[in-house]
Amino acid sequence: MSQKVRVRFAPSPTGPLHIGGVRTALYNYLFARKTGGTFILRIEDTDQARFVPGAEQYILDSLAWLGISPDEGVGADGPHSPYRQSERKALYKQYADQLLREGKAYIAFDSFEELEAMRTLYESKGSAFQYNALTRVKLRNSLALSKAEVDALLASETPYVIRLKVPAKGEIRFQDSVRDWVHVHTSSMDDKVLMKSDGMPTYHLANVVDDHIMEITHVIRGEEWLPSAPLHILLYQSFGWQAPQFAHLPLLLKPEGNGKLSKRDADLGGFPVFPMEWTDPQSSVISKGFKQEGYLPAATLNFLAFLGWNPGTEQELFSLDELVDAFSLERINKAGAKFDVNKAKWFNQQYLKQSDSKELAQVYLPNLPAKDADAFVQLFLDRVTFPQELGQLVHEFSQKPHAYDEVVLATKWNLEAQKGLQVLAASLPTCSTWDADGIKHTIHVALEEAGIKMGKVMQMLRVALSGNGAGPDLMISMQLWGKDEVNERINAALSVFPKLVS
RNA sequence: GGUCCGUUCGUCUAGGGGUUAGGACACGUCCCUUUCACGGAUGAAACACGGGUUCGAUUCCCGUACGGACUACCA
């Protein structure tokens, strides 16, 4: 297989893109970049009933936000246009007809109701109904019915589907990049519908036809597709095409308990499972998005990349380029990975700290003079997980305290502290150089002259100024508040504290 | 139920016939710091179970258990 690598991400526009889908897209992207191949986006909208307006644009926007946009496909165009399956409708019928002609598929007239009845019947007998070599002879299809009957049904425009005639005996095997050899007996597969009665192909047919036509070399998709992979192999064989290399990715599991990660888990856990915020067009319900929650694209990507893949080194922080460089299909794990918000937050923090403070200032503190904003960002950057916390922190910082830490007050407020604050109230206004060093010097000198230890006063000073017992560097904070504001706050505290404590 | 897939610290994982089973998140302790955060150090913490194969198995094989996915004219 020395041909050029072509991979595709093929979501269906049935709602917001799930974060597991984003990871699938990422792995496809990484593999394409790594191998110098092409990353294609194909929209699989063959289910007319589940179509959700806006979902396709959402997919495009999400990939763009993360910087993993397709090279070819919807939103990028390319030699195999169109890339929306609904617009390729006519194509699939030809291939289904080909199978029909060659006796590898057949027409089935069974209605939903009839099939449902079969299922309940089998269920009552404790087994599961399968449309296969054993049962098809007794059902309403072109294999069981006479030619005249079939023609009559066709003439009366009875709805029908086209089903694949799965051989009664045989074994399908393929070598998955993640799981190695997988084999399955055709007897356990059923005659899957290829063409639906509405004239649309099912996923199975459309995906195989398109992957072949679009010269896809590697199909990298979620593990939920593993059970139908043998069917797809069988289709490739039926057409006489070479099947692409498959790689079935481990599932993303819910953080608590077991099972596939769902939107419900996200709501419960208070974290997003969608890359961007999504408003359901029907219910207007809003779902959280990584973007809006304050996750940086690079952090999101890094976090996602490590859910099911690992470079084998001890490096944890990887830029997109580094991920591309380190990525390989062989290092993808087999077992499902639980989604851990803590880890996601940690990644975000790491990337946030590496961010340019001026840029953050511009985006998150747009109303402040650039110089101040930058100083604030530097003061608070170590203490936030998400950038939007910066705005909140700065807002609180610039407000006069409306409450004072009671615990600190109760334990640290005494005559010595009071005297210390009085000393500072008197000496700080004389500070000639109002910057962190100058302030520190002034405080040192004043307290030393008064014979008071720093430790006895400093936390009270912090409470007096901010109301809080803990916070960022006090000297820099004071510099940012400015001399007048600091004095006001100290004097206010001096008049309030005695009352609060008594 | 059937088919398929999986199982190393709580979580993400490295490793792979002989290791003190390594790292990261979270957690504990200590250091740094006037405080908190950051950072640094350190601790507790894992090979699901049972059989083989082997001088030796967490690693290979087979079972069992547990978990998951799929089982639609959905993808």
Side-chain angles (χ1 to χ4, degrees), chain A residues 10-14 44-47 49-50 85 108 110-112 115-116 119 122-123 125-131 159-163 176 178-179 182-185 187-190 192-204 206-207 221-230 248 250-251 253 255-260 303 306-317 331 333-347 349 353 380-384 405 408 412 440 443 453-463 466 468-475:
Chain A
S12 54
T14 53
E44 312 228 322
D45 55 350
T46 52
D47 187 353
R50 292 208 307 157
Q85 289 186 328
D110 317 270
S111 68
F112 291 101
L115 291 173
E116 198 48 50
R119 283 190 196 103
Y122 273 71
E123 212 168 299
K125 290 190 293 186
S127 61
F129 169 69
Q130 265 197 316
Y131 208 120
Y160 66 91
V161 299
I162 298 176
R163 284 182 184 271
D176 188 275
V178 175
R179 283 148 220 286
V182 174
H183 18 93
V184 130
H185 287 96
S187 60
S188 70
M189 298 163 55
D190 53 0
K192 280 276 183 283
V193 171
L194 265 20
M195 290 294 292
K196 304 185 253 186
S197 56
D198 66 0
M200 277 290 195
T202 58
Y203 170 84
H204 305 297
N207 131 284
R221 62 190 355 176
E223 190 188 326
E224 65 268 29
W225 293 112
L226 195 52
S228 53
H248 288 94
L251 258 18
L253 272 19
E256 308 283 342
N258 296 301
K260 227 166 149 181
F303 166 67
F306 271 69
L307 244 32
W309 171 87
N310 185 290
T313 64
E314 291 191 351
Q315 185 182 346
E316 305 264 344
L317 264 18
R331 294 204 63 89
N333 281 95
K334 293 178 174 66
K338 287 192 183 182
F339 184 93
D340 180 7
V341 210
N342 272 327
K343 200 68 171 260
K345 286 182 178 171
W346 178 78
F347 273 113
Q349 230 173 72
K353 280 195 293 188
F380 289 118
L381 198 55
D382 280 344
R383 345 177 58 82
V384 299
D405 189 308
V408 177
K412 296 283 171 69
K440 188 166 192 170
I443 292 177
K453 287 212 174 95
M454 286 268 280
K456 298 285 183 188
V457 199
M458 293 311 279
Q459 202 177 12
M460 277 325 302
L461 177 61
R462 177 182 293 284
V463 173
S466 70
N468 300 318
D473 187 283
L474 196 54
M475 302 306 144

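All figures in this text were calculated on a predicted structure; none of them were measured in a lab. Lettering of chains follows the sequences in order, A, B, ..., and the numbering in each one begins at 1.
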TODO: For A:Tyr203, answer base if it contacts any base atom (sugar-phosphate contacts may also be present), sugar-phosphate if it contacts only those atoms, and nothing otherwise; contact means non-hydrogen atoms under 4.0 Å.
DONE: base

Measure all distances between protein nitrogen or oxygen atoms and nitrogen or oxygen atoms of nucleotides 66-70 of chain B, and list the pairs falling under 3.5 Å.
unit_1 : atom_1 : unit_2   : atom_2 : d
B:rA69 : OP1    : A:Lys260 : N      : 3.4
B:rC70 : OP1    : A:Lys260 : NZ     : 3.2

TODO: Report yes if a donor N or O on one partner sits less than 3.5 Å from an acceptor N or O on the other, where the partners are the side chain of A:Arg50 and the base of B:rC74; otherwise report no.
DONE: yes

TODO: Map A:Lys192 and A:His183 onto RNA chain B by nearest heavy atom, then report which one ends up closer to the 5' terminus.
DONE: A:His183

- [ ] Give A:Asn468 one of three labels, base, sugar-phosphate or nothing, depending on what nucleic acid heavy atoms sit under 4.0 Å from its own.
- [x] nothing

Report each atom pair, protein N/O against N/O of nucleotides 39-44 of chain B, whose distance is under 3.5 angstrom.
unit_1 : atom_1 : unit_2   : atom_2 : d
B:rG39 : OP1    : A:Lys353 : NZ     : 2.9

TODO: Report which part of the nucleic acid A:Arg221 touches: base, sugar-phosphate, or nothing (heavy-atom distance under 4.0 Å, all strands).
DONE: nothing

TODO: Just call it for A:Ala128: base, sugar-phosphate, or nothing, with non-hydrogen atoms closer than 4.0 Å on any strand.
DONE: base

Task: First encountered from the 5' end of RNA chain B, between A:Ala335 and A:Leu474 - done: A:Ala335

TODO: Would you please name every residue forming a side chain to side chain contact (heavy atoms under 4.5 Å, CB included) with A:Asp382, sequence neighbours left out?
DONE: A:Lys353

Open item on the list: Base, sugar-phosphate or nothing for A:Val184? Non-hydrogen atoms, less than 4.0 Å.
Closed with: sugar-phosphate

TODO: Compare the minimum distances between each of B:rA75, B:rA14, B:rU3 and the side chain of A:Lys196, then state the nucleotide with the smallest one.
DONE: B:rA75

TODO: Could you tell me whether A:Lys343 contacts a base, only the sugar-phosphate backbone, or nothing, with contacts defined as non-hydrogen atoms closer than 4.0 Å?
DONE: base

- [ ] Please confirm whether the backbone N or O of A:Pro250 pairs with a side-chain atom of A:Asn333, one donor and one acceptor, at under 3.5 Å?
- [x] no

Open item on the list: Taking any heavy-atom pair under 4.0 Å as a contact, classify A:His185: base, sugar-phosphate, or nothing.
Closed with: nothing

TODO: Give one of base, sugar-phosphate or nothing for A:Arg462, where a contact means two heavy atoms less than 4.0 Å apart.
DONE: base

Open item on the list: With a cut-off of less than 4.0 Å, is there a side-chain N or O of A:Arg331 near OP1 or OP2 of B:rG15?
Closed with: yes

Open item on the list: Between A:Lys343 and A:Asp340, does any side-chain N to carboxylate O distance fall below 4.0 Å?
Closed with: no

